[in-house]
Amino acid sequence: HRRIMWKMLYFWKKEFSFFMKKILFLYILISLVSCEPDDICSENTQTTPRLVIEFFDIENFEVPKTVPGLFAVGIDNQGNEVTILGEVVNSRSIIELPLNGSENQTQFKLYSNYDIVDNEVEGNPDVISIAYETESIYVSRACGYKNNFSIQGFSIEQDIDLWMISTEITISEVTNENESHVKIFH
């Protein structure tokens with residue numbers, strides 16, 4: 001009887017090993033099949049777009065005009081300046097600004113001729129306010145959601161030394177960064 005029992009145990013062990021290999025193979029197969037190509041968010045995937053502002057010459061509305069030493073900071077609800085990730089001082093005629101998807105208005109302070117001398121900020125700051133509606137759109141499992149914006153209003157806060165004179169909303173739907181949404185004349 002012992003011999004028969006050993007043979008049965010050997011057979012059972014052999015069958016169990018074969019059975020486990022089948023389960024492992026099925027597990028790996030199911031894992032590979034269930035992976036989707038969107039499990040990694042591609043760098044080419046359009047995420048939440050920034051507001052693109054282009055600056056133009058006040059004397060000739062069709063000619064882009066560089067703003068010397070252009071620099072931007074955000075302004076939070078308490079009036080404090082908030083650093084914009086990746087923003088640097090640069091003379092340019094286009095700037096891209098991130099809108100806050102959890103709010104319906106964002107403010108920025110845009111400096112012309114920005115510089116820091118002896119730990120003091122120099123330049124001419126003007127404050128802009130953008131009012132908008134936000135629409136969240138599902139992109140994919142890996143990328144999550146992105147926000148598109150519909151501009152409802154754009155204004156320049158009045159001060160005694162405005163360098164920005166007037167504005168024009170050219171495209172009210174902010175769905176990409178391929179075109180300018182607002183023109184500022186200076």
Side-chain angles (χ1 to χ4, degrees), residues 41-135 137 139 143 145-186:
C41 190
S42 166
E43 289 181 21
N44 297 331
T45 302
Q46 178 73 42
T47 56
T48 298
R50 294 172 291 179
L51 176 71
V52 179
I53 298 173
E54 191 166 8
F55 297 91
F56 286 85
D57 190 337
I58 190 67
E59 295 174 5
N60 187 346
F61 284 10
E62 300 302 315
V63 178
K65 184 177 178 184
T66 299
V67 178
L70 179 61
F71 184 67
V73 293
I75 300 176
D76 68 14
N77 292 337
Q78 288 75 39
N80 302 313
E81 291 188 0
V82 179
T83 303
I84 299 172
L85 186 64
E87 177 63 15
V88 295
V89 179
N90 194 4
S91 295
R92 56 197 156 165
S93 63
I94 294 177
I95 191 167
E96 298 167 340
L97 300 172
L99 299 176
N100 185 343
S102 61
E103 300 285 337
N104 60 5
Q105 180 174 335
T106 301
Q107 287 189 313
F108 296 97
K109 188 180 287 186
L110 301 181
Y111 286 88
S112 174
N113 297 308
Y114 182 89
D115 199 6
I116 297 180
V117 177
D118 297 329
N119 289 331
E120 292 291 322
V121 173
E122 291 188 356
N124 185 355
D126 283 354
V127 175
I128 59 171
S129 295
I130 305 103
Y132 50 87
E133 292 178 354
T134 304
E135 177 187 16
I137 298 171
V139 177
C143 299
Y145 288 84
K146 75 174 191 171
N147 290 327
N148 285 340
F149 305 98
S150 177
I151 301 172
Q152 304 299 306
F154 190 99
S155 62
I156 303 168
E157 192 174 290
Q158 295 299 310
D159 68 28
I160 58 171
D161 190 18
L162 285 177
W163 63 270
M164 292 186 268
I165 308 303
S166 66
T167 67
E168 176 187 338
I169 298 172
T170 54
I171 300 173
S172 62
E173 300 301 315
V174 181
T175 58
N176 64 58
E177 298 175 4
N178 300 332
E179 51 205 357
S180 65
H181 307 104
V182 176
K183 290 181 178 182
I184 295 180
F185 303 97
H186 67 106

Worksheet item: Given the rule in the side-chain hydrogen bond (donor to acceptor under 3.5 Å, both in side chains) test, do S150 and Q152 qualify, once you have shown the distances and angles that lead to the verdict?
Response: CA-CA 6 Å; S150 177; Q152 304 299 306; 3.1 Å; yes

Practice prompt. Begin from the C-alpha positions of E103 and Y132 and carry the test side-chain contact (heavy atoms from CB on, under 4.5 Å) through to its verdict.
Written response: CA-CA 9 Å; E103 300 285 337; Y132 50 87; 4.2 Å; yes

Fill in: Non-neighbouring partners of D161 that pass side-chain contact (heavy atoms from CB on, under 4.5 Å), sequence neighbours left out
N124, D159

Worksheet item: Is any side-chain heavy atom of F108 less than 4.5 Å from a side-chain heavy atom of I95?
Response: no

Practice prompt. Could you tell me whether E87 and R92 make a salt bridge, using a distance below 4.0 angstrom between a side-chain N and a carboxylate O?
Written response: yes

Worksheet item: Considering all heavy atoms of both residues, which atom of L97 and which atom of A72 are nearest to each other, and what is their separation?
Response: CD2-CB, 3.7 Å

Practice prompt. Quick one: closest heavy-atom pair of E96 and V52, and the distance?
Written response: CG-CG2, 3.9 Å

Fill in: Side-chain donor or acceptor of T167 paired with backbone N/O of K183 under 3.5 Å
no

Discussion item. Nearest 0.5 Å, please: how far is OG1 in T106 from CG in L51?
Written reply: 9.0 Å

Item to complete: Report the distance from atom CE of M164 to atom CD1 of I156, rounding to the nearest 0.5 Å.
Response: 5.5 Å

Worksheet entry | Which atom of P125 lies closest to which atom of W163, heavy atoms considered | C-NE1, 4.3 Å

Discussion item. Just verifying a value: how many Å separate E168 CD and F61 CZ, rounded to the nearest 0.5 Å?
Written reply: 8.5 Å

Worksheet item: Would you say the side chains of E157 and S155 form a donor-acceptor pair under 3.5 Å?
Response: no

Worksheet item: What distance do D115 atom CG and F71 atom CZ have between them, rounded to the nearest 0.5 Å?
Response: 11.5 Å

Worksheet item: How many angstroms lie between CG in N100 and CD in Q107, if you round to the nearest 0.5 Å?
Response: 12.0 Å

Worksheet item: Is the shortest heavy-atom distance from the side chain of V139 to the side chain of T47 under 4.5 Å?
Response: no

Discussion item. Looking at every heavy atom in both V73 and Y111, which two are closest together, and how far apart are they?
Written reply: CG2-CE1, 4.3 Å

Practice prompt. Considering non-hydrogen atoms only, spot the tightest contact between N147 and P49 and give its length.
Written response: O-CD, 3.0 Å

Discussion item. Checking the side chain of D118 only, and the main-chain atoms of E120 only, is there a donor and an acceptor separated by less than 3.5 Å?
Written reply: no

Item to complete: Go through the steps to decide whether I128 and I53 satisfy the test side-chain contact (heavy atoms from CB on, under 4.5 Å), and finish with yes or no.
Response: CA-CA 11 Å; I128 59 171; I53 298 173; 3.9 Å; yes

Fill in: S180 to E54 - nearest heavy-atom pair and separation
OG-OE1, 3.4 Å

Item to complete: Classify the ring geometry between F55 and H186 as parallel (under 30°), tilted (30 to 60°) or perpendicular (over 60°).
Response: perpendicular

Item to complete: State the OG1-CG distance between T48 and L99, to the nearest 0.5 angstrom.
Response: 10.0 Å

